[in-house]
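Working notes, beginning with the structure itself.
Keep in mind the model is a prediction, meaning the values are calculated, not measured.
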Amino acid sequence: MARLLADRPADTLTIGDMARQLGHSHGAVRNAALTLVRRGEADQGGTGQPSFGANAKTAAAAQSAVISPPGTHAPRAQAATSRATIRAAATPRQTGPVRRAGGQVYHPRELADLPDVEALNRLRDADVPVLLYGPPGTGKTSLVEAAFEDLLTVAGDGDTTVGDLIGEYTQDDAGGYVFQYGPLVTAMTEGRALLIDDATLISPKVLAALYPAMDGRRQIQVKAHKGETIKAEPGFYVVAGHNPGVHGAVLTEALASRFSVQIQIGTDYDLALALRIDARVVRVARHLAHQVELGELGWAPQLRELLSYQKTEAVLGTNAALANLVGIAPVEDRDTVAAAVIKTVGVRKIAPLTLGKQLPAPATRPPGTTGATHRGRSR
């Protein structure tokens with residue numbers, strides 16, 4: 001993946017572009033691309049379909065594999081006893097901001113009288129799998145990234161395959177085929193945390209490959225690679241994310257039963273105010289969220305949208321940011337969102353951010369003239 005991007009430094013490629021050129025599944029390519037972006041070894045763009053391009057670190061990344069085979073790295077060797085002993089030492093709670101691997105800051109929230117990052121680590125110590133659920137943009141992924149520095153992530157969708165989890169054969173430079181292990185195997189053999197993001201978008205038949213690693217067996221069989229058995233090292237831990245109400249998301253009984261603790265994640269609007277997001281817009285979001293709770297509306301801005309509003313306002317101004325806030329709402333909810341913005345913010349009219357008339361072309365000058373005007377001189 002990195003080699004493909006590095007060889008085309010002037011291009012931006014979509015998941016489909018790269019999948020066709022590499023001969024891998026869309027899910028595998030997407031996972032690899034997002035891993036490069038998360039490590040700062042590639043850039044992501046595009047407002048709809050994401051596209052990816054090389055940056056200054058991509059060429060170096062092309063020299064090494066992103067996901068290593070089992071045994072390449074030693075396990076984390078932090079048995080549950082050592083982790084529990086360290087955490088039981090009554091160290092001061094982490095209540096302040098936590099810097100995630102990508103450099104972004106996460107602000108812990110309270111969970112069961114603990115900072116959420118500490119609660120997740122205690123659940124990991126006890127090997128209690130967690131399912132986080134809530135609307136997109138509420139911070140589920142951010143919380144897991146802040147809690148676990150050794151995290152691997154599978155970005156789930158309807159195209160995710162068993163190969164995306166466990167691994168698949170890929171063609172090497174010599175034209176032969178080698179088995180490339182997937183993130184589940186890597187997390188098991190290195191004793192790392194694994195996030196299955198948007199797990200309920202993945203086919204239940206695919207997720208079934210994960211279950212033996214989560215129960216008392218703590219092992220899986222890689223049928224595609226000589227039927228070898230992979231055993232989980234101490235520290236291996238699974239957490240999943242679920243967006244209820246998203247089209248195609250199905251929380252099956254088999255999946256739900258694997259997660260002993262299920263935590264609802266919503267937007268902390270007080271945090272939004274603390275981050276100095278326009279209080280009027282936060283008030284709009286609170287009002288819309290209440291309508292969603294009552295079943296009167298299907299969408300409300302979450303923290304992700306509020307942070308985007310703040311950034312857009314800083315660049316394009318308040319009116320453009322408000323227009324964009326209305327525009328990103330689902331079509332069926334836009335009128336209600338617009339009405340709430342008009343009432344709370346006090347604007348007369350608001351509509352989705354739209355291109356206007358074509359700008360006039362700059363005036364051209366006759367050939368041979370310059371921009372300066374000179375007075376005639378007589379001799």
Side-chain angles (χ1 to χ4, degrees), residues 76 78-88 90-91 93-95 98 100 106-156 165 183-184 187-188 191-202 204 207-220 232-246 249-268 271 302-303:
R76 293 169 71 231
Q78 49 179 32
T81 52
S82 62
R83 287 175 56 88
T85 300
I86 294 172
R87 206 164 301 283
T91 54
R93 291 182 178 182
Q94 174 64 57
T95 56
V98 177
R100 293 151 54 193
Y106 177 77
H107 299 265
R109 299 166 63 180
E110 186 177 34
L111 175 63
D113 298 324
L114 293 167
D116 51 13
V117 292
E118 183 175 343
L120 256 61
N121 272 282
R122 291 192 182 193
L123 290 167
R124 181 180 182 179
D125 292 340
D127 194 26
V128 179
V130 170
L131 176 70
L132 305 175
Y133 68 95
T138 50
K140 297 184 292 296
T141 304
S142 300
L143 165 57
V144 181
E145 290 179 348
F148 308 130
E149 294 181 354
D150 62 340
L151 184 69
L152 290 173
T153 300
V154 174
L165 290 175
L184 172 57
M188 292 177 69
R192 297 170 66 174
L194 178 68
L195 168 63
I196 311 295
D197 210 3
D198 289 326
T200 49
L201 295 179
I202 302 175
L207 285 174
L210 171 71
Y211 298 153
M214 297 177 63
D215 61 24
R217 291 167 286 181
R218 289 182 64 81
Q219 65 181 38
I220 60 171
E233 295 289 342
F236 170 67
Y237 183 67
V238 178
V239 59
H242 166 46
N243 296 325
V246 171
V250 179
L251 180 59
T252 63
E253 183 178 348
L255 178 62
S257 66
R258 258 70 183 189
F259 294 90
S260 305
V261 172
Q262 301 183 17
I263 303 170
Q264 183 176 9
I265 308 291
T267 287
D268 183 352
L271 172 61
Q302 304 300 328
L303 185 60

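- The CG atom of Leu123 sits 11.0 Å away from atom CD of Glu118, with the distance rounded to the nearest 0.5 Å.
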* Carefully, step by step, assess Leu184 and Val154 under the rule side chain to side chain contact (heavy atoms under 4.5 Å, CB included). => CA-CA 9 Å; Leu184 172 57; Val154 174; over 6 Å; no
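- Using a 4.5 Å heavy-atom threshold, the side chains of Asp113 and Glu110 count as touching.
- To the nearest 0.5 Å, the span separating CD1 on Ile263 from CG on Leu111 amounts to 4.5 Å.
- Of all heavy-atom pairs between Phe259 and Ala240, the closest is CZ-CB, 3.5 Å.
- Between the Gln262 side chain and the Tyr133 main chain, no donor and acceptor come within less than 3.5 Å of each other.
- With hydrogens and angles disregarded, a donor-acceptor distance shorter than 3.5 Å links the side chain of Thr267 to the backbone of Leu303.
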* To do: Go through the steps to decide whether Thr138 and Gln302 satisfy the test side-chain hydrogen bond (donor to acceptor under 3.5 Å, both in side chains), and finish with yes or no.
  => CA-CA 6 Å; Thr138 50; Gln302 304 300 328; 5.7 Å; no
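- Within the model, atoms CZ of Phe148 and CG of Leu194 stand 11.0 Å from one another, a figure rounded to the nearest 0.5 Å.
- Note that CZ of Phe236 and CG of Asp150 are 11.5 Å apart. Values are rounded to the nearest 0.5 Å.
- The minimum heavy-atom distance between Val98 and Ala146, with the atom names listed, is CG1-O, 3.7 Å.
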* To do: Take Thr200 and Val246, measure what side chain to side chain contact (heavy atoms under 4.5 Å, CB included) needs, and give me the verdict at the end.
  => CA-CA 9 Å; Thr200 49; Val246 171; over 6 Å; no
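- Note that CD1 of Ile196 is 9.5 Å distant from CG of Leu255, once rounded to the nearest 0.5 Å.
- The backbone N or O of Leu271 lies less than 3.5 Å from a partner atom in the side chain of Asp268, making a donor-acceptor pair.
- Separating the CG atom in Leu120 from the CG atom in Leu132 is a distance of 6.0 Å, to the nearest 0.5 Å.
- A donor-acceptor contact shorter than 3.5 Å links the side chain of Lys140 to the backbone of Gly134.
- Considering every non-hydrogen atom in both Ala249 and Asn243, the closest pair reads CB-O, 3.7 Å.
- Between Glu145 and Arg100 the shortest heavy-atom distance is OE1-NH2, 2.7 Å.
- The nearest pair of heavy atoms linking Tyr237 to Asp127 is CD1-OD1, 4.2 Å.
- A donor-acceptor pair under 3.5 Å is absent between the side-chain atoms of Asp197 and the main chain of Gly241, judged by distance alone.
- Taking both residues in full, the closest heavy atoms of Leu131 and His242 are given as CD1-CB, 4.0 Å, listed atom of the first, atom of the second, then distance.
- Few gaps surround CD on Gln219; more than 12 heavy atoms of other groups in view lie less than 6.0 Å from it.
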